[in-house]
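Reviewing the structure listed below.
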Amino acid sequence: MAMKFEKKEDGHYLLDVTGYVCPHPQIYTKKALEKLSGGEMLEVVFDNPSSSESISAMCDSNGNKIVDKAMEGGIFTFKIEKD
Amino acid sequence: MEIEVPRKNKLWALGIVAFFVIISVGTFAAHEYYVYLQAYLWFGFIYGMCLQYGRFCFASAFRDLFAVGVPRMAVGIMIATILFGFTSAFVNATGWSTFHPAPTSIHAAIAGLIFGVGMVFAGGCASGSLYKSGEGNGVAMLVVLSISVTQSSFVDIGGWFNKLVPKSWAASAATKGLPDTINVSDGWVDQYLAGYVWDQPVLRVAELMGMKTDSISGAFLGNLLTGVGLPAMLILLWVYYVWVKRNYKKKVVQEKGVFTFGDHFRGFWSMITASKRTSIAGLFLGVACGLQMFVIEGLRMKFGVKNAGTILERLGYDFGLSAKGTVFDPGYWYVTTQEAQWVGWLMQKLGWNNMDNIFFGWVNGIPNPAFNPADWMSVALIGGAAVMALLHGEFKWKAPTKELAIWALIGGALMGIGSRLALGCNVGGFFVRAANGDPSGWLFGIGMIGGAFIGVKFFNWWTERKMAKEMAAFDL
């Protein structure tokens with residue numbers, strides 16, 4: 001499955017990197033967050049378990065806030081608010 | 001994050017454990033010699049559980065630093081190396097270590113560089129790809145296949161490639177007294193090994209400092225403190241200074257309004273303790289790695305053997321033993337050589353004569369994978385990782401996409417070549433050697449960091465292109 005980036009609503013974007021392995025999910029997340037403005041939301045969907053720690057650590061370090069984390073059937077969904 | 005683990009996951013995990021228990025009990029009933037293989041199996045199982053739990057991946061360590069500024073794994077790897085160094089020092093001091101240092105020269109750094117680029121392309125290092133295979137990751141399985149096939153072919157290349165061998169290597173290789181069956185004048189890797197690598201110094205930091213490795217001062221002061229602790233601490237300080245300090249300082253200034261020298265210590269410590277999961281895995285890995293050396297050496301003494309080749313021969317499995325009667329039997333954690341062996345065994349069965357090279361024919365052999373101790377370790381590692389992934393609801397079958405399959409094959413091939421040039425991968429070439437005070441391990445590590453940097457540069461360019469295309473429709 002190819003990487004997908006789309007707008008869900010104003011100020012809320014979806015990045016779907018399901019099927020991708022490291023380092024793709026974290027690099028795409030970083031690049032997508034760089035393009036967003038403060039207060040906007042990025043919903044990242046991925047299924048590579050080790051990317052969950054990397055994305056969490058990256059957000060912690062950059063000041064971006066993960067407002068919701070969910071995992072079901074091996075698929076992770078993180079909602080990240082841009083600082 | 002609340003995770004509900006389905007009952008079928010627990011049943012599968014139980015099934016995997018039961019499978020390994022049945023193998024162990026059944027083979028022990030057949031002959032007590034199988035305990036030797038079982039030791040490899042259960043240590044492999046522990047490694048798999050630790051790796052999956054801690055997301056322990058050497059590729060992630062420096063790739064995530066360069067790509068997204070996350071130091072978590074680089075820190076975890078250094079902690080595990082120090083802890084393994086501690087258990088190794090203890091085992092070395094008792095004289096029960098199975099570790100043998102590798103020749104030290106620039107070849108280790110060059111091999112590490114090739115390996116480092118490969119692991120970033122592949123999305124995981126050699127051990128990382130094994131544990132991710134246990135998570136049901138099809139890309140990782142392709143990487144393992146690519147590493148295996150590339151190594152097995154690379155060690156046997158001759159013909160036109162012989163023209164690339166420097167005359168000095170060919171001349172030196174001819175003086176090593178290898179049997180005619182090896183035909184050392186035919187094969188690039190053979191002449192690289194016998195004509196160059198074997199001529200390099202084999203030493204450890206303790207010996208460089210004039211101490212004996214199996215003495216307490218040599219093991220702890222020479223190898224552990226100077227050979228492991230010092231370089232690992234320098235890397236940790238570099239990571240703190242470049243990637244952690246700025247953000248930590250910003251946070252402290254926001255909270256207290258001032259940043260003191262003491263805050264550097266607190267910042268450094270917060271970096272060390274940032275990922276509990278990785279640190280716990282590093283702790284168990286470090287202890288298990290040292291313990292495996294101890295156990296294998298004990299079993300060798302019990303059975304009166306120096307190599308598993310003798311055990312296989314006594315059990316009646318003498319196919320694929322090397323010209324010296326040996327098989328690959330490191331006595332500690334290793335990944336890539338056994339991957340080359342199973343493909344080598346398969347190729348031999350298909351009619352390829354690959355026992356006329358040093359790697360298979362003189363040193364490691366190509367035993368039936370069903371009785372190869374190191375293969376038992378790798379299969380159990382995948383099993384251990386699968387159990388851990390199943391119990392955390394993280395197991396998921398994933399077929400590779402065309403794009404990822406290409407990266408997996410290219411990355412795996414580069415890791416395969418790097419592994420054979422260094423005589424080991426991120427585990428055997430770096431982790432085990434660095435933790436035992438072998439300078440060649442750190443040289444491989446430096447090369448690997450350089451390779452990760454190059455790989456990340458490439459991936460940044462690649463993903464930037466794709467993101468630009470995807471985002472073109474939005475005003476961002």
Side-chain angles (χ1 to χ4, degrees), chain A residues 1-8 10-11 13-37 40 42 46-64 66 68-78 82-83, chain B residues 1-4 6 52 55-57 59-60 63-64 67-73 120 122-124 128 132 135-137 139-140 243-244 247-248 250-251 274-275 277-278 389 392-401 403-404 407-408 455-456 459-460 462-464 466-467 470-471 473-474 476:
Chain A
M1 194 173 138
M3 181 268 290
K4 207 164 65 185
F5 181 83
E6 56 192 43
K7 190 173 186 174
K8 286 188 90 171
D10 276 350
Y13 296 88
L14 172 78
L15 173 68
D16 187 345
V17 276
T18 313
Y20 277 89
V21 295
C22 287
H24 301 265
Q26 46 267 48
I27 291 187
Y28 281 125
T29 304
K30 183 190 177 216
K31 289 193 183 297
L33 283 168
E34 281 169 358
K35 305 281 184 195
L36 300 193
S37 306
E40 289 186 320
L42 180 70
F46 58 98
D47 57 1
N48 184 50
S50 58
S51 293
S52 66
E53 269 81 17
S54 296
I55 292 172
S56 301
M58 179 177 77
C59 290
D60 186 47
S61 161
N62 296 340
N64 298 311
I66 302 180
D68 189 42
K69 282 183 181 182
M71 199 274 271
E72 201 182 333
I75 296 181
F76 296 77
T77 305
F78 283 13
K82 172 81 186 274
D83 183 32
Chain B
M1 191 162 46
E2 288 288 316
I3 297 165
E4 200 174 314
Q52 205 284 332
R55 324 288 199 206
F56 226 81
C57 180
S60 152
R63 179 200 63 210
D64 281 2
V68 292
V70 171
R72 167 185 73 89
M73 191 54 67
V120 173
K132 286 172 188 175
E135 290 176 341
N137 186 327
V139 178
W243 285 279
V244 179
N247 285 328
Y248 184 74
K250 199 173 144 189
K251 265 186 199 169
S275 178
R277 204 169 165 143
T278 309
H392 285 92
E394 292 173 346
F395 184 92
K396 185 171 178 279
W397 287 110
K398 273 189 290 186
T401 60
E403 181 196 347
L404 294 182
W407 289 127
V456 165
F459 260 127
N460 265 331
W462 178 263
T463 49
E464 192 67 50
K466 290 190 74 178
M467 278 306 268
E470 280 290 311
M471 290 179 153
F474 309 105
L476 290 168

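Hydrogens, waters and symmetry mates are skipped; everything else that's a heavy atom, side chains included, is used. Residue numbers start from 1 in every chain, and the chains themselves are labelled A, B, ... in the order their sequence lines are given, proteins ahead of strands.
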Note to self: The test is side chain to side chain contact (heavy atoms under 4.5 Å, CB included); show your working for A/Asn48 and B/Asn137 and say whether it passes.
What the structure shows: CA-CA 9 Å; A/Asn48 184 50; B/Asn137 186 327; 4.2 Å; yes
Margin query: Is it the case that the side chain of B/Glu394 and the backbone of A/Pro49 share a donor-acceptor pair, with hydrogens and angles ignored and the cut-off at 3.5 Å?
Written below: no
Notebook entry, point to check: Distance from B/Glu464 atom CD to A/Ile27 atom CD1, nearest 0.5 Å?
Noted result: 10.5 Å
Check: What's the spacing between B/Arg277 CZ and A/Ser52 OG if we round to 0.5 Å?
Finding: 7.0 Å
Margin query: Restricting to non-hydrogen atoms, name the atom on B/Arg55 and the atom on A/Glu53 that form the minimum distance, rounded to 0.1 Å.
Written below: NE-OE1, 2.7 Å
Next item on the list: Considering non-hydrogen atoms only, spot the tightest contact between B/Arg63 and A/Cys22 and give its length.
Entry: NH2-CB, 3.2 Å
Notebook entry, point to check: How far does NZ of A/Lys35 sit from CE of B/Met467, to the nearest 0.5 angstrom?
Noted result: 7.5 Å
Next item on the list: Determine the option with the most heavy-atom pairs under 4.5 angstrom with chain B, choosing from A/Leu15, A/Val21, A/Asp60.
Entry: A/Val21
Checklist line | Heavy-atom closest contact (A/Ser50 atom, B/Arg72 atom, distance) | finding: O-NH2, 3.9 Å
Check: Crowded around A/Glu34 CD? As in, over 12 foreign heavy atoms under 6.0 Å?
Finding: yes
Next item on the list: Return the minimal non-hydrogen interatomic distance between A/Phe5 and B/Glu470, and the atom names on each side.
Entry: N-OE1, 3.0 Å
Checklist line | From NE2 (B/His392) to CE (A/Met71), nearest 0.5 Å | finding: 9.0 Å
Next item on the list: Return the set of residues passing side-chain hydrogen bond (donor to acceptor under 3.5 Å, both in side chains) with B/Lys251 (not counting sequence neighbours), or none when no residue passes.
Entry: none
Notebook entry, point to check: Who are the ring-ring contact (aromatic ring centres under 6.0 Å, His included) partners of B/Phe56, not counting sequence neighbours?
Noted result: none
Margin query: Please classify the contact between B/Glu403 and chain A as side chain, backbone, both or neither, with a heavy-atom cut-off of under 4.5 Å.
Written below: side chain
Notebook entry, point to check: Looking at B/Asn247 and A/Asn62, what are the two nearest heavy atoms and their distance?
Noted result: ND2-OD1, 4.5 Å
Next item on the list: Examine whether an atom of A/Asp68 lies under 4.5 Å from a heavy atom of chain B, and if so say whether it belongs to the side chain, the backbone or both; otherwise answer neither.
Entry: neither
Next item on the list: Name the region of B/Lys132, side chain, backbone, both or neither, that has any atom closer than 4.5 Å to a heavy atom of chain A.
Entry: side chain
Check: Between B/Val120, B/Val70, B/Asp64, B/Val68, which has the largest tally of heavy atom pairs under 4.5 Å with chain A?
Finding: B/Val68
